[in-house]
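Below is one structure, written out as structure tokens; the observations come after it.
What you see is a predicted model; the values in this text were computed from it and never measured. Order of the sequence lines fixes the chain letters, A, B, ..., with proteins taken first and strands second; residue numbering starts at 1 for each chain.
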2 protein chains.
Amino acid sequence: MPQADPDRSVFRAIADPTRRAILDRLRQGPAPVNELASAFSQSRPAISKHLRVLRELRVVSEQKYGRERLYRLEPAELKDVADWILPYRDFWQASLGNLKSYLENE
Amino acid sequence: MPQADPDRSVFRAIADPTRRAILDRLRQGPAPVNELASAFSQSRPAISKHLRVLRELRVVSEQKYGRERLYRLEPAELKDVADWILPYRDFWQASLGNLKSYLENE
DNA sequence: ATAATACGTATCCATTCGTTTACGTATTAT
DNA sequence: ATAATACGTAAACGAATGGATACGTATTAT
């Protein structure tokens with residue numbers, strides 16, 4: 001039975017811990033692939049594939065400089081995550097509020 | 001070769017679109033499994049498995065009432081996602097700012 | 001007591017994922 | 001011209017994922 005169409009959202013991009021680490025690193029500025037590969041002690045092709053996912057989901061962009069390719073953070077799509085999580089904020093704030101008043105009444 | 005230790009973070013919980021839909025539904029209040037299964041036109045065991053993932057990652061809690069089990073949203077862990085995404089906010093706000101000034105200067 | 005309901009779990013299967021090794025290509029250094 | 005560098009891609013593989021069907025168990029209805 002064919003599986004439902006795969007998730008092409010940014011949530012898939014950030015599902016993998018290595019990809020999140022790559023994004024965290026890119027917040028400090030663009031980086032070439034080799035630097036990322038050595039930083040995460042994984043093979044270069046592995047990182048390349050992660051970067052491809054990030055690129056296709058438009059969370060990073062690629063720019064060629066000679067034989068290097070600089071990957072740059074493109075955070076616009078990450079806003080979808082922030083927007084999705086926003087309505088939940090009320091809930092955990094309410095929970096914290098409940099805990100606070102609970103503690104105060106003890 | 002064994003894969004690196006699997007991601008047990010809340011990011012895995014929200015990686016799947018069905019699980020996100022379940023969470024969205026639970027924001028309106030606790031629900032039994034059958035209601036969720038019919039809402040998403042998937043088999044009940046499939047939903048049960050998703051709920052198990054959500055339960056293990058502490059994004060929902062389960063409570064037995066007779067033969068029903070009510071699943072309730074536990075949003076505390078989702079705060080990790082909000083915290084993770086927070087530093088990126090500056091970036092996309094900067095991008096929007098650049099776009100704004102770009103448009104204003106044309 | 002028996003039947004129906006609400007659920008979890010076991011098993012199985014196809015697909016996807018993350019990783020590695022091997023290879024090809026473009027660019028720079030000698 | 002040749003060698004070295006920086007990278008992407010192909011192929012292969014085991015592990016994990018998402019789903020379905022079949023089954024077992026506890027609870028409620030008759």
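Between the side chain of Lys49(B) and the base of dG19(D), at least one donor-acceptor pair of N or O atoms lies under 3.5 Å. Under 3.5 Å, the side chain of Arg44(B) and the base of dG8(C) form at least one donor-acceptor pair of N or O atoms.
Atom CD in Glu62(B) sits roughly 16 Å away from atom P in dA6(C) (whole-Å rounding). A straight line from CG of Asp16(B) to P of dT15(C) spans 17 Å, rounded to a whole angstrom. Regarding Arg67(A), its CZ atom lies at a distance of 5 Å from the P atom of dA6(D), rounded to whole Å. Between Leu51(A) atom CG and dT19(C) atom P there is a gap of 12 Å when expressed in whole angstrom units. For the pair Glu68(A) CD and dA4(D) C1', the interatomic distance rounds to 14 Å; values are reported in whole Å. Between the CG atom of Leu70(A) and the P atom of dA6(D) there is a distance of 13 Å, given to the nearest Å. Here dT19(C) presents its P atom at 12 Å from CZ of Phe40(A), a figure rounded to the nearest Å. Across the protein-nucleic acid pair, Leu36(A) atom CG and dG18(C) atom C1' stand 17 Å apart, rounded to whole Å.
Side chains of Val59(A) and Ile14(A) form no contact here, defined as non-hydrogen atoms less than 4.5 Å apart.
Contact check, Arg12(B) against dT17(D): a side-chain N or O comes under 4.0 Å of OP1 or OP2. Arg52(B) has a side-chain polar atom (N or O) that falls below the 4.0 Å cut-off from OP1 or OP2 of dT9(C). Contact check, Asn34(B) against dT5(C): no side-chain N or O comes under 4.0 Å of OP1 or OP2. Remark: His50(A) is in phosphate contact with dT19(C), judged by side-chain N or O atoms under 4.0 Å from OP1 or OP2. The phosphate of dT27(D) has OP1 or OP2 within less than 4.0 Å of a side-chain N or O from Lys64(B). Distances shown here put every side-chain N or O of Ser43(B) at or beyond 4.0 Å from the OP1 or OP2 atom of dG19(D).
Map Ala15(A) and Gly66(A) each onto its nearest nucleotide of DNA chain C; the residue landing nearer the 5' end is Ala15(A). The residue among Val53(A) and Tyr65(A) whose nearest nucleotide of DNA chain C is located toward the 5' end is Val53(A).
The closest donor-acceptor contact from the side chain of Arg19(A) to the backbone of His50(A) lies at 3.5 Å or more, if one exists at all.
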**Item:** Stepwise side-chain contact (heavy atoms from CB on, under 4.5 Å) check, Leu51(A) with Leu36(A)
**Value:** CA-CA 10 Å; Leu51(A) 286 170; Leu36(A) 299 169; 4.1 Å; yes
**Residue pair Val81(B), Trp84(A): steps toward the side-chain contact (heavy atoms from CB on, under 4.5 Å) verdict** = CA-CA 10 Å; Val81(B) 179; Trp84(A) 178 79; 5.8 Å; no
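You'll find that the side chain of Pro45(A) is closest to dT9(D), out of dG18(D), dT9(D), dA4(C). Of the candidates dC7(D), dT27(D), dT9(C), the closest approach to any side-chain atom of Arg69(A) belongs to dC7(D). Checking dG19(D), dT21(D), dT27(C) against every side-chain atom of Gln42(B), the shortest atom distance belongs to dG19(D). When distances run from any side-chain atom of Thr18(B) to the nucleotides dG19(D), dT27(C), dA22(C), the shortest one goes to dG19(D). Closest contact between the side chain of Arg19(A) and the listed nucleotides dA20(D), dG18(C), dA4(C) involves dG18(C).
Looking at Arg58(B) and Glu77(B), no side-chain N of the basic residue comes within less than 4.0 Å of a carboxylate O on the acidic one, giving no salt bridge. Note on Arg20(A) versus Asp7(B): salt bridge recorded, some NZ/NE/NH1/NH2 to OD/OE distance being below 4.0 Å.
dT28(C): Watson-Crick or G-U partner is dA3(D), with both key distances under 3.5 Å. Across all strands shown, dC12(C) forms a Watson-Crick or G-U wobble pair, both distances under 3.5 Å, with dG19(D).
Using a 4.0 Å heavy-atom criterion, one finds that Ala46(A) contacts the bases of the nucleic acid, with or without backbone contacts as well.
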